[in-house]
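Given the structure is predicted, the values throughout are model-derived calculations rather than measurements.
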Amino acid sequence: MNISKAQSQSPASQSEAPTPEAVDKVPAGLLRRLAALTYDSVLLAGAIAIYAGIVVVLRSGAAVEPNTLWFSAGLGAIPALFFCWFWTHGGQTLGMVAWRVHLEAPDGGPPELPRALLRYFAALLSLLPAGLGFIWALWDSERATWHDRISGTRMYRSVPAKRSSA
């Protein structure tokens with residue numbers, strides 16, 4: 001007998017749906033955050049290369065003058081669009097998916113666009129004093145960075161929930 005046919009005839013297989021395992025949310029540590037950011041940086045480098053390639057094609061190979069406002073604005077917009085789009089659409093960039101971390105707003109869902117933009121620009125401030133805003137997570141009781149605190153977001157990793165021995 002065919003396995004799929006046997007399963008379709010079984011009343012148990014029709015009524016029982018697999019249940020997801022329970023998970024606990026643990027604040028994401030600094031190394032995991034930096035690993036996700038490194039992964040995302042590689043993706044961003046590719047997006048910037050595509051942007052530059054499109055500019056070269058549209059300009060028929062003519063060089064862009066140094067400090068050109070429109071080109072610089074495009075270069076600055078790419079990371080903002082990348083992070084904010086992913087954060088608002090599921091709470092994870094591709095690097096965060098790879099490193100099993102996710103971003104949450106205070107309501108437990110992904111942040112809305114204004115909060116994501118605030119987090120992005122606060123993260124730039126966190127980088128300025130030699131990355132102190134990121135390093136702060138090492139001493140913070142909730143492992144929060146400055147941009148987590150400023151934007152009201154939190155970064156978590158999910159781990160299997162501990163089962164009680166009852």
Side-chain angles (χ1 to χ4, degrees), residues 19-56 58 64-164:
T19 57
E21 277 192 44
V23 294
D24 289 330
K25 293 189 295 187
V26 177
L30 181 61
L31 290 178
R32 190 170 288 266
R33 289 170 181 257
L34 294 177
L37 184 58
T38 300
Y39 187 102
D40 288 331
S41 296
V42 172
L43 297 172
L44 276 170
I48 289 169
I50 290 169
Y51 170 70
I54 290 169
V55 169
V56 166
L58 292 176
V64 176
E65 294 296 320
N67 301 319
T68 303
L69 183 60
W70 65 268
F71 186 74
S72 298
L75 289 174
I78 290 170
L81 290 170
F82 175 88
F83 285 108
C84 291
W85 191 89
F86 279 109
W87 289 340
T88 58
H89 292 83
Q92 290 181 296
T93 62
L94 296 174
M96 293 166 72
V97 170
W99 286 93
R100 296 184 177 105
V101 294
H102 61 276
L103 183 68
E104 288 186 0
D107 65 3
E112 303 253 340
L113 183 58
R115 188 178 301 274
L117 284 167
L118 176 61
R119 178 183 172 78
Y120 176 78
F121 288 109
L124 294 178
L125 291 176
S126 290
L127 282 171
L128 287 179
L132 185 59
F134 281 85
I135 296 169
W136 185 263
L138 294 173
W139 293 282
D140 190 275
S141 62
E142 298 175 5
R143 293 186 184 168
T145 59
W146 288 354
H147 44 287
D148 288 327
R149 295 282 181 199
I150 291 168
S151 66
T153 58
R154 292 293 180 268
M155 195 176 284
Y156 295 105
R157 67 183 177 96
S158 297
V159 295
K162 293 182 181 178
R163 298 176 190 225
S164 61

How long is the straight-line distance from CH2 of Trp136 back to CG of Leu30, given to the nearest 0.5 Å? 13.5 Å
Take atom CH2 of Trp146 as the centre, draw a 6.0 Å sphere, and report whether it contains more than 12 heavy atoms from other residues, nucleotides or ligands. yes
In this structure, are over 12 heavy atoms from other groups packed under 6.0 Å from Leu69 atom CG? no
Within a strict 4.5 Å, meaning less than it, do heavy atoms of the Asp148 and Glu142 side chains meet? no
Does the side chain of Tyr39 reach to within under 4.5 Å of the side chain of Val97, using non-hydrogen atoms? no
Quick one: sort the Phe71 and Tyr51 rings into parallel, tilted or perpendicular, breaks at 30° and 60°. parallel
Which pair of non-hydrogen atoms, one from Met96 and one from Asp40, has the smallest distance, and what is that distance? N-OD2, 4.3 Å
Treating Arg115 as the side-chain partner and Ser151 as the backbone partner, does any N or O pair qualify as donor plus acceptor under 3.5 Å? yes
How many angstroms lie between atom CE of Met155 and atom CZ of Arg33, to the nearest 0.5 angstrom? 5.0 Å
What distance separates His89 NE2 from Leu113 CG, expressed to the nearest 0.5 Å? 9.0 Å
Give the minimum heavy-atom separation between Glu112 and Thr88, together with the two atoms involved. C-CG2, 3.7 Å
Checking ring-ring contact (aromatic ring centres under 6.0 Å, His included) between His147 and each of Phe134, Phe83, Tyr120, Phe121, which is the one that passes? Phe134
CG/Leu117 to CH2/Trp87 distance, rounded to the nearest 0.5 angstrom? 9.0 Å
Rounded to the nearest 0.5 Å, the CG atom of Leu81 sits from the CD1 atom of Ile78 at a distance of 8.0 Å
Using a 6.0 Å cut-off, check whether atom CG of Asp107 has over 12 heavy atoms from anything other than its own residue. yes
Measuring only between side-chain heavy atoms, which start at C-beta, is Leu103 closer than 4.5 Å to Phe86? no
Would a 4.5 Å heavy-atom cut-off, applied to side chains only, mark Arg149 and Arg154 as touching? yes
If you take all heavy atoms of Ala105 and Thr153, which pair is closest and at what distance? CA-CG2, 4.5 Å
Approximate separation, where rounding is to 0.5 Å, of Leu44 CG and Leu75 CG: 11.5 Å
